[in-house]
Structure formats: C-alpha cells, structure tokens
Amino acid sequence: WTGTTGLLAGVSAYTGDSGQDEAGPDFRTTVFDAHAQWEWRALRLRGLWASAEVEDAALLPTPAPGEELEGMYLEAGWDLLAGDPRGRALIPFLRYELYDLSADAPGNTEVRIMTAGVAFHPTAQVALKLDWSQLENDADTVEDVLAFTLGFAF
C-alpha cells in the first residue's frame, strides 16, 4: 500500500508444505509479516515484524528451532545527500532487532541486536554498507560484529 508519497506498507502470508513434493516428509510452514517504510525529505524509517510456525519441527533432519519463530526490526536513518541531482544517498542509520527461533520454548530465548552504520548508494540499485552490531541474548552472551556489505537490487 502506498497511500501517501514516501510511504510503503504491506502485509503478507504464506502457508504450505515445505517439502515441495520431494522425497521425505512435508512440514506445514506458515509465515506472516507486516512491514512499512516511510521516506520524507532526508528521514528514512522502516520496520518489519514476522512470525512463523513449522509443524513438527523436532522431526526435521537438522538441529531444528522451535515450532514458533518470530522477529522484528525498527530502523531510522538520515540521508545526508537528500536531493542529490545524481540520485546518490549517504545514510547513517540505527537499527534495533530482536528475534526468537524458539518462541514456544520455555524461558526467554530472544536475541537482541543494536546496529549503527552508514549506507552509501552511488545509484538507487547499489548499496555499500559499513556497520557495527552488538548481539546479546538472555545468557548474557554479547558479541560485537563489524560488517562491510555490497548490495545490488535488480
């Protein structure tokens, strides 16, 4: 839905057997999400919430998460090159994420991530990102991650 300039919002859902008619068991998989992005002048805001269920996940042939999974993120950025005639963008941003791959398990198994970074878009289809993230879980395990990524939308 794009009800106003700069806004993109939507929801989606999927349900089906994950085996895709291959040999072996099928696992009913259901996924829901809601997402929104708003750009106004130099301000960039976006967020996503997703929830999934995989029936009989304990029977999967790999170390399986719980049957219920969920996650979300909220991100805010400011385009320092807003209005650039060549369409370039330089966006420092902050993002908060949390996810739980065993939402139906007893206790709290959430992972929380705080990210600070900068994204440079030499064109609308290309992104170069440098960011630092701090991951934390309820076992008080903290991990710092520095990442450089290149993205291309086609």
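Remember, it's a predicted structure, so these values are computed and weren't measured experimentally.
The distance from atom CD of Glu70 to atom CZ of Phe32, rounded to the nearest 0.5 Å, is 13.0 Å. Distance check, rounded to the nearest 0.5 Å: CZ of Arg86 to OG1 of Thr123 gives 12.0 Å. The line from CG of Asp100 to CE of Met72 is 13.0 Å long, rounded to the nearest 0.5 Å. Atoms CZ and CG, from Phe148 and Asp131 in turn, are 10.5 Å apart once rounded to the nearest 0.5 Å. Note that CD of Glu67 is 6.5 Å distant from CD of Glu53, once rounded to the nearest 0.5 Å. For the atom pair NE2 of His35 and CG of Leu8, the computed distance is 5.5 Å after rounding to the nearest 0.5 Å.
Residues Tyr99 and Met114 are members of separate hydrophobic clusters, defined by side-chain heavy-atom contacts under 4.5 angstrom among Ile, Leu, Val, Met, Phe, Trp and Tyr. Both Phe152 and Leu128 belong to a single network of hydrophobic side chains, linked directly or stepwise wherever heavy atoms of I, L, V, M, F, W or Y lie under 4.5 Å apart. Leu94 and Leu74 fall into different hydrophobic clusters, where Ile, Leu, Val, Met, Phe, Trp and Tyr residues are linked whenever their side-chain heavy atoms come under 4.5 Å apart, directly or through other members. Taking hydrophobic clusters as Ile, Leu, Val, Met, Phe, Trp and Tyr residues chained together by side-chain heavy-atom distances below 4.5 Å, Leu69 shares a cluster with Ile113. Linking ILVMFWY residues whenever their side-chain heavy atoms come closer than 4.5 Å, directly or via other members, places Phe120 and Trp132 in the same cluster.
Checked options Val142, Val111, Thr141; the residue passing with Glu136 is Val142 (criterion: side chain to side chain contact (heavy atoms under 4.5 Å, CB included)).
Looking at residues two or more places apart in sequence or on another chain, you find a side-chain hydrogen bond (donor to acceptor under 3.5 Å, both in side chains) between Gln134 and Asp144. Checked against side chain to side chain contact (heavy atoms under 4.5 Å, CB included), Thr15 has the following partners two or more places apart in sequence or in another chain: Arg28, Thr30. With sequence neighbours excluded, the residues forming a salt bridge (charged side-chain N to carboxylate O under 4.0 Å, His left out) with Glu75 are Arg46, Arg95, listed by chain and number. Applying the salt bridge (charged side-chain N to carboxylate O under 4.0 Å, His left out) criterion to Asp84, with sequence neighbours excluded, gives Arg88. Contacts of Ala82 classified as side chain to side chain contact (heavy atoms under 4.5 Å, CB included), with partners at least two apart in sequence or in another chain: Ala42, Asp79. With sequence neighbours excluded, the residues that form a side chain to side chain contact (heavy atoms under 4.5 Å, CB included) with Ala119 are Phe93, His121, Lys129.
In this structure the side chain of Leu7 reaches within 4.5 angstrom of the side chain of Trp1, judged on heavy atoms. Two residues are said to be in side-chain contact when any heavy atoms from C-beta on lie closer than 4.5 Å; Trp78 and Leu43 meet this criterion. Here the side chains of Leu150 and Val126 are in contact, with some heavy-atom distance below 4.5 Å. Contact annotation: the side chain of Leu146 approaches that of Leu130 to within less than 4.5 Å [non-hydrogen atoms, C-beta and beyond]. Here the side chains of Thr109 and Leu101 are not in contact, with every heavy-atom distance at 4.5 Å or above.
Across every non-hydrogen atom of Glu110 and Leu98, the tightest pair is OE2-CD1, 3.9 Å. Of all non-hydrogen atoms in Val11 and Ala34, the two that sit nearest each other are CG1-CB, 4.0 Å. Annotation for Ala76 and Leu45: closest pair CB-CD2, 3.7 Å, computed over non-hydrogen atoms. Taking each heavy atom of Ser133 and Thr115 in turn, the nearest pair found is OG-OG1, 2.7 Å. Between Arg44 and Arg41 the shortest heavy-atom distance is NH1-O, 2.8 Å.
Ser51 places no side-chain N or O within 3.5 Å of a backbone atom of Trp49 that could act as its donor or acceptor partner.
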